[in-house]
Protein chains: 2
Amino acid sequence: MNTASSASDCVASWCADDDWCGVTCTMEVLGRKWNPVVVHRLLERDSLRFGELAEELGDVTNKVLSESLEDLEDRGVVERTVENEKPVRVRYSLTERGRSLEPVVGALEDWGEDHLADDC
Amino acid sequence: MNTASSASDCVASWCADDDWCGVTCTMEVLGRKWNPVVVHRLLERDSLRFGELAEELGDVTNKVLSESLEDLEDRGVVERTVENEKPVRVRYSLTERGRSLEPVVGALEDWGEDHLADDC
DNA sequence: CAGTATCCACAAGGATACTG
DNA sequence: CAGTATCCTTGTGGATACTG
């Protein structure tokens, strides 16, 4: 389980006017290990099922991916759609808010691509 | 956007040629709690001493800030300069590589600023 | 297929006190 | 001033097994 916001809360007074609060705010959404990658995949593929996502990410277990998706859903970034069929099917896609992360994830990707040679 | 993604070489075996590797790469640098904020401050102030940084960040202890700075130094993002004076003084600034993170941190900040009202 | 349920491990953050 | 040194707690992640 997880609460909406953990240790540092952007609404808290201690960071009210600080301009780096925006950075912290975004990191609460993208700070969890698989979150940025999940958003990245969904930006490209529009909609993916649980299994497809797991396969693309490669090294993630059901439990961890499930937690990551639940977290993103709670934060209004990802939308979960259950299709009533015999074998249950679930589609994951980005909400409007999720799609608004495109410039952020794009920047993360660009910088990373430019520095893969270095070390990472 | 680059949906095609030139799928550059990824050094880590576990993420071989996956195009989301760039995202992961960047997150290794900015994933640690205070790292993005430290970089953000240094982008604005150019150079800060340990105490100044601690004061600006507010809720960080000496130990944690120290670890964060060491991590950033190891990753070639931050540069540490010791000035030989009576009370030891140390200046922290960004390397060229660190300054190249400006678009990334800028994107993090912009998104966060636009969503502070929501929840974070 | 799309998850839960358990149990475990460990990095990292935090509190507090001390020092060259 | 700019850290270390300790010790403690917790959040995540991971492995494995099971299910509607």
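Keep in mind that this is a model prediction, so the values were computed, not measured. The chains referred to below are lettered A, B, ... by the order of the sequence lines, with proteins before strands, and numbering in each begins at 1.
Between A:D59 atom CG and D:dG14 atom P the separation is 8 Å, expressed in whole Å. Atom CD of B:E67 is separated from atom P of C:dA15 by 13 Å (rounded to the nearest Å). Straight-line distance from the CG atom of B:N35 to the P atom of C:dA11: 17 Å, rounded to whole Å. Spacing between atom CG of B:N84 and atom P of D:dA2 amounts to 13 Å, rounded to whole angstrom units. Atom pair A:E28:CD and C:dG13:P shows a separation of 14 Å (rounding to whole Å applied). In this entry the distance linking CG of B:L57 with P of C:dG13 reads 12 Å, nearest Å. One atom, CD of B:E85, and another, C1' of D:dA2, lie 13 Å apart when rounded to the nearest Å. Separating the CD atom of A:E83 from the C1' atom of D:dG20 is a distance of 18 Å, rounded to the nearest angstrom.
Position along DNA chain D of the nearest nucleotide to B:P87 versus A:G31 favours B:P87 as the more 5'-ward residue.
Salt bridge absent: A:R99 and A:E102 never bring a charged side-chain N and a carboxylate O closer than 4.0 Å. Salt-bridge annotation for A:R45 and A:E56: present, with a side-chain N of the basic residue lying under 4.0 Å from a carboxylate O of the acidic one.
No donor-acceptor pair under 3.5 Å is formed between the side chain of A:S93 and the backbone N or O of A:S47. No donor-acceptor pair closer than 3.5 Å links the side chain of A:T26 to the backbone N or O of B:W111.
In this structure the side chain of A:E73 never reaches within 4.5 angstrom of the side chain of A:E79, judged on heavy atoms. Residues A:L57 and A:W34 have side chains in contact (heavy-atom distance under 4.5 Å, counting atoms from C-beta outward). Side-chain contact between A:D71 and A:V77 is absent, with no heavy atoms from C-beta onward closer than 4.5 Å.
Phosphate contact (OP1/OP2 of C:dC1, side-chain N/O of A:R49, threshold under 4.0 Å): absent. At C:dG14, one or more side-chain N or O atoms of B:K33 fall inside 4.0 Å of OP1 or OP2 (strictly under the cut-off). Applying the 4.0 Å criterion to OP1 and OP2 of C:dG13, one finds that B:R32 has a side-chain N or O inside that range.
Applying the Watson-Crick and G-U wobble criteria (two distances, each under 3.5 Å), D:dG13 pairs with C:dC8. Using Watson-Crick or G-U wobble geometry with both donor-acceptor distances under 3.5 Å, C:dA2 finds its partner in D:dT19.
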With B for base contact, S for sugar-phosphate-only contact and - for none (protein heavy atoms under 4.0 Å), nucleotides 3-8 of chain D reads BBBB--
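Ranking D:dG14, D:dT12, C:dG14 by closeness to the A:W34 side chain, first place goes to D:dG14.
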